[in-house]
> 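First, the structure itself, so that you have it in front of you.
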Amino acid sequence: MKPLSPSEIPKMRAAGRLAARTLEHAGKFVRAGITTDEINKIVHDFTLSHGAVPAPLGYHGFPKSVCTSVNDCICHGVPDATVLKDGDIINVDVTCILDGYYGDTSATYFVGEVSDLAKDITDCAQKAMWKGIEEVRPFAATGDIGFAIEKFVNRRGYYVVREIGGHGIGKVFHDDPFVPSHGKKGRGPKLQPWCCITVEPMINQTSAEFEEIDIPNSSIKYYLTGDRTLSAQFEHTVLITDTGYEIMTLP
Ligand code: MF3
Ligand code: CO
Ligand code: CO
């Protein structure tokens, strides 16, 4: 966690904006009949055509350019021949490297008409992300973010994933601090002005339990809910300013 210099902030903004535009572009293709591999190609090609590199590709051996996490997949879903079908939800998680800086953002999309439950957990995940982001200000604790997220999620009757969460980001993909989706006010590292973090709560339908699954030839794992019920997630990259925050991953 090293503060960005004034000349680095516009570069982070540009990387964040490109990640957001890439996600927005990919989101337009989410519909029944498309494969997650096709979404991967869309993200890969869009990223390269804008002069950037898809950060997931080759990251600790991760084999694809985007993460596509469908239904009971919590995160790090690997694009493959899976065909999306009506009623699925899918988190698309885009990270690009532009001019050496990382922008990381994700959203959960509906495939066709989805259940009321799928709509509700997705709405909860999005609002939980904003509850966390609203805590971001200089010298706030990471626990303030986690506390706000978990309180909101539990009131809605869902569960946060505790072991996986947000992170510092800048000239590296995953930096300290860890940004939890649970916690106590005032606990954990303090946010430093002019650093960037991600806020990316993962929300499970019936419990916080998960199963970790190996990805061949990679040290990255993907995660499924323990009982294969739904999970949803949203993510923004956020700059800590001298007074509050600025979202870097807006299109
Ligand atoms: N984008 C994910 C995050 O939000 C990380 C994906 S790492 C990968 O931190 F290797 F799975 F791509
Ligand atoms: Co992230
Ligand atoms: Co991400």
Side-chain angles (χ1 to χ4, degrees), residues 1 12 15-24 26-27 36-37 39-41 43-44 47 52-70 73-80 90-98 101-109 125-126 128-129 132-133 136 142 145-146 149 160-181 191 195-203 210 212-224 231-240 245 247-251:
M1 189 170 39
M12 253 330 259
R17 186 181 308 118
L18 180 61
R21 287 182 179 167
T22 306
L23 178 62
E24 187 180 65
T36 52
D37 256 341
I39 294 171
N40 179 69
K41 180 165 170 50
V43 167
H44 183 86
T47 306
V53 173
L57 186 61
Y59 180 72
H60 296 291
F62 191 81
K64 298 294 169 97
S65 299
V66 66
C67 297
T68 52
S69 302
V70 179
C73 185
I74 297 170
C75 68
H76 300 174
V78 182
D80 62 11
I90 176 175
N91 175 275
V92 179
D93 191 341
V94 169
T95 312
C96 67
I97 314 167
L98 183 64
Y101 294 82
Y102 286 71
D104 188 9
T105 184
S106 84
T108 297
Y109 296 94
Q126 188 166 33
M129 176 192 67
I133 289 172
V136 175
T142 56
I145 297 172
I149 291 171
V160 297
V161 175
R162 304 168 80 90
E163 292 81 356
I164 330 164
H167 47 91
I169 185 168
K171 289 187 88 155
V172 294
F173 198 165
H174 294 108
D175 204 353
D176 57 85
F178 175 64
V179 181
S181 302
L191 304 182
C195 292
C196 285
I197 57 168
T198 72
V199 178
E200 50 175 308
M202 295 160 213
I203 311 306
F210 59 82
E212 195 179 82
I213 299 176
D214 287 332
I215 298 169
N217 306 308
S218 175
S219 57
I220 302 287
K221 319 265 185 201
Y222 72 91
Y223 298 87
L224 301 179
S231 186
Q233 185 190 19
F234 286 79
E235 174 177 26
H236 272 309
T237 298
V238 180
L239 173 70
I240 302 141
Y245 67 84
I247 308 291
M248 306 307 262
T249 38
L250 293 177

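In this text, all values refer to a predicted model and were calculated from it rather than measured experimentally. Atoms within each ligand, like the ligands themselves, are counted from 1 in listed order.
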> Nearest 0.5 angstrom please: His44 NE2 to Asp37 CG, how far?
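That separation rounds to 12.0 Å.
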> Could you tell me whether Asp80 and Lys64 have a side-chain N and a carboxylate O separated by less than 4.0 Å?
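So Asp80 does not pair with Lys64 through a salt bridge.
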> At a heavy-atom distance under 4.0 Å, which protein residues reach ligand 1? Sort them by chain and number, would you?
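Pro56, Tyr59, Phe62, Cys67, His76, Asp93, Thr95, Asp104, His167, Phe173, His174, Glu200, Ile220, Glu235.
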> Sequence neighbours excluded, which residues qualify as side-chain hydrogen bond (donor to acceptor under 3.5 Å, both in side chains) partners of Glu200?
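Counting only residues at least two positions away or on another chain, Glu200 forms a side-chain hydrogen bond (donor to acceptor under 3.5 Å, both in side chains) with His167, Thr198, Gln233.
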> Output all residues satisfying side-chain contact (heavy atoms from CB on, under 4.5 Å) with Ala107, sequence neighbours left out; order by chain, then residue number.
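For Ala107, the residues satisfying side-chain contact (heavy atoms from CB on, under 4.5 Å) (neighbours in sequence not counted) are Leu23, Tyr109, Phe234.
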> Ignoring water, what protein N, O or S atoms are under 2.8 Å from the Co ion (ligand 2)?
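Sorted hits: Asp104 OD2, His167 NE2, Glu200 OE2, Glu235 OE2.
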> Any side-chain heavy atom of Asp93 within less than 4.5 Å of one from Cys75?
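A side-chain contact is absent here, since even the closest heavy-atom pair is not under 4.5 Å.
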> Can any side-chain N or O of Asn40 pair as donor or acceptor with the backbone N or O of Ser65 at less than 3.5 Å?
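Looks like yes, one N/O pair under 3.5 Å.
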> CD1 of Ile213 to OH of Tyr223: how many Å apart, nearest 0.5 Å?
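Separation between the atoms: 10.5 Å.
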> Quick check: are there more than 12 heavy atoms from other residues, nucleotides or ligands sitting under 6.0 Å from NZ of Lys171?
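At most 12 heavy atoms, drawn from other residues, nucleotides or ligands, come within 6.0 Å of this atom.
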> If we ignore hydrogens and angles and just use 3.5 Å, is the side chain of Asp104 paired with the main-chain N or O of Thr237 as donor and acceptor?
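Side chain of Asp104 to backbone of Thr237, a donor-acceptor pair under 3.5 Å: no, none is there.
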